[in-house]
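What follows is a set of notes on a single structure, which appears directly below.
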Amino acid sequence: MQKKQGLGFVSPFIQELGNNSAILELVSQLAQEPLAPHSMVQNYAHINVGQAHAKDASTKTEVDSLHADSVDYVLVLMLTDPASFEGGELEAVKMQPLAQAMERVGAAGGVLDESEEVVRINFSRKGQGMFMRGSQFLHRVRPVFMAGSERVARVSCVFSFMSRNPRVTDATRFGTFANMSGDRYAHVEYARHKAWRVAGLLKAVEDVEFEATREDVVALLSDALAELQGAVRILQGKEDDAMPYFDAKLKRFVTKR
């Protein structure tokens, strides 16, 4: 799969689309919590390109390996007419929690059993979108095949969203984006993202009522401190938070592509 990242840096159209009030209202309703475009511009939106194979090709690689996302929510928009290719279904494993699903799928060598409640989604038209909490479910895109003599790629645009509530557990994985960008700017964006979250946590301390107990205040401050300390350990390389993906050759989940 080819991935074109960093659209939020270069495309005013993508910036405006991701901030569109109607879209934000819709995804917030679907998530049942207020959402915003992800604060790391690198994660704002990207393009996935899945090249089509001939139906008799000896190698039929998946467009995307089994993985979970490194942001809270994603909105996937289909940019290619699905009638122009075959295959390319999105498969999602409903098994929860995620760690259990990864353990089960890893033990099976990446083979998805129908008993695992696999959901298969086909886009019906260009411009159709699908919203999902990809950080909580294993998913992948199946191989794409030529529908005729013309080789047409499966192209989608993926927008990333996060909760506006800093007290919600953060699904952002620095290691994943550092692996993809070579850490040219991921560390700066990650630090800014964590600063926004900690500022929100400290704002709750500013707004605390006088009736709050000492334990209440300590808990709020401890949350902010834990968020900062965790980010520092990750940026120092003492912890690796990269989201694993399933390597079809190694038959196991790995973190480095």
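No experiment lies behind these values; they were computed from the predicted model shown.
- Between Val144 and Gln51, every side-chain heavy-atom pair lies at or beyond the 4.5 Å cut-off.
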Evaluation steps, side chain to side chain contact (heavy atoms under 4.5 Å, CB included), between Asp69 and His67: CA-CA 7 Å; Asp69 294 334; His67 68 287; 3.3 Å; yes
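- Contact record, Ser124 with Pro82: C-CG, 3.9 Å, taken as the closest heavy-atom pair.
- Distance CG/Leu138 to CE/Met243: 8.5 Å, rounded to 0.5 Å.
- Contact check for Glu117 versus Met95: no side-chain heavy atoms found under the 4.5 Å cut-off.
- Salt-bridge check for Asp170 with Lys194: passed, with a basic side-chain N closer than 4.0 Å to an acidic carboxylate O.
- Tyr245 is connected to Leu250 through a chain of hydrophobic side-chain contacts under 4.5 Å among Ile, Leu, Val, Met, Phe, Trp and Tyr, so both are in one cluster.
- Test Arg173, His38, Met162 against Asn43 for side-chain contact (heavy atoms from CB on, under 4.5 Å) and you get one pass: His38.
- Taking Ile, Leu, Val, Met, Phe, Trp and Tyr as hydrophobic and joining them when side-chain heavy atoms fall under 4.5 Å apart, one finds Leu35 in a cluster with Leu7, Phe13, Ile14, Leu17, Ile23, Leu24, Leu26, Val27, Leu30, Tyr44, Ile47, Val49, Tyr73, Leu75, Leu77, Leu79, Phe131, Val155, Phe159, Phe161.
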Passes side chain to side chain contact (heavy atoms under 4.5 Å, CB included), Val217 versus Leu220? Steps please. CA-CA 5 Å; Val217 174; Leu220 291 171; 5.6 Å; no
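- Ser163 and Val168 get closest at one heavy-atom pair: OG-CG2, 3.7 Å.
- Under the 4.0 Å criterion applied to side-chain N and carboxylate O atoms, Arg120 and Glu89 are not assigned as salt-bridge partners.
- Of the possible donor and acceptor atoms, one in the side chain of Thr80 sits under 3.5 Å from a partner among the backbone N and O of Ala153.
- For the pair Leu235/Val232, no side-chain contact is recorded, criterion being any heavy-atom separation below 4.5 Å from C-beta on.
- Not a single donor-acceptor pair under 3.5 Å links the side chain of Glu239 to the backbone N or O of Ile234.
- As a member of the Ile/Leu/Val/Met/Phe/Trp/Tyr network built from side-chain separations under 4.5 Å, Met146 groups with nothing else and remains a singleton.
- Taking the six-membered ring where the residue is Trp, Tyr190 and His193 present tilted rings, their angle falling between 30° and 60°.
- Looking at every heavy atom in both residues, Ala101 comes nearest to Val93 through CB-CG1, 4.5 Å.
- In the hydrophobic clustering of this structure, Leu90 groups with Val119; members are Ile, Leu, Val, Met, Phe, Trp, Tyr whose side-chain heavy atoms approach within less than 4.5 Å, directly or through other members.
- Judged as a side-chain hydrogen bond (donor to acceptor under 3.5 Å, both in side chains), not a single pair has a partner in residues 151-161 (not counting sequence neighbours).
- Checking side-chain atoms of Asp240 against main-chain N and O of Gly175 turns up no donor-acceptor pair under 3.5 Å.
- Leu201 approaches Ala224 most closely through the heavy-atom pair CD1-CA, 3.7 Å.
- In the displayed structure, Gln236 atom CD is contacted under 6.0 Å by more than 12 heavy atoms of other residues, nucleotides or ligands.
- Salt bridge annotation for Arg140-Glu91: present, with a cationic side-chain nitrogen under 4.0 angstrom from a carboxylate oxygen.
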Checking Val76 against Phe123 for the side chain to side chain contact (heavy atoms under 4.5 Å, CB included) test, could you report, in this order, the C-alpha distance in whole Å, the side-chain angles of both residues, the deciding distance, and whether it holds? CA-CA 10 Å; Val76 183; Phe123 289 90; 4.1 Å; yes
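- Arg133 CZ to His139 NE2: the interatomic distance, rounded to the nearest 0.5 Å, is 13.5 Å.
- Rounding to the nearest 0.5 Å places CG of Asp216 at 11.0 Å from CD of Glu211.
- Between the side chain of Glu189 and the backbone N or O of Gln42 there is at least one donor-acceptor pair closer than 3.5 Å.
- Placement of Trp196 and Phe174 in two distinct hydrophobic clusters is found when ILVMFWY residues are connected by side-chain heavy-atom separations under 4.5 Å, directly or transitively.
- Of the inter-residue distances, the one linking Lys4 atom NZ with Ser11 atom OG reads 15.0 Å to the nearest 0.5 angstrom.
- Here the side chains of Val74 and Met132 are in contact, with some heavy-atom distance below 4.5 Å.
- Between Ala68 and Ser135, the shortest heavy-atom contact is CB-O, 4.0 Å.
- Surrounding CD of Glu103 are at most 12 heavy atoms belonging to other residues, nucleotides or ligands under 6.0 Å away.
- Side-chain heavy atoms closer than 4.5 Å link hydrophobic residues (I, L, V, M, F, W, Y) into clusters, and following such links, possibly through other members, connects Val118 to Leu98.
- Pro37 approaches Gly18 most closely through the heavy-atom pair CG-O, 3.4 Å.
- Of the inter-residue distances, the one linking Asn48 atom CG with Met78 atom CE reads 9.5 Å to the nearest 0.5 angstrom.
- Glu150 places no side-chain N or O within donor-acceptor distance of the main-chain N or O of Ser84, the cut-off being under 3.5 Å.
- Follow the hydrophobic side-chain contacts under 4.5 Å out from Val10 and you reach Tyr185 in the same cluster.
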Stepwise side chain to side chain contact (heavy atoms under 4.5 Å, CB included) check, Arg197 with Thr172: CA-CA 11 Å; Arg197 285 181 53 84; Thr172 304; over 6 Å; no
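- The closest side-chain heavy-atom distance from Pro34 to Asn165 is not below 4.5 Å.
- With contacts defined as side-chain heavy-atom distances shorter than 4.5 Å, the pair Val198/Asp223 does not qualify.
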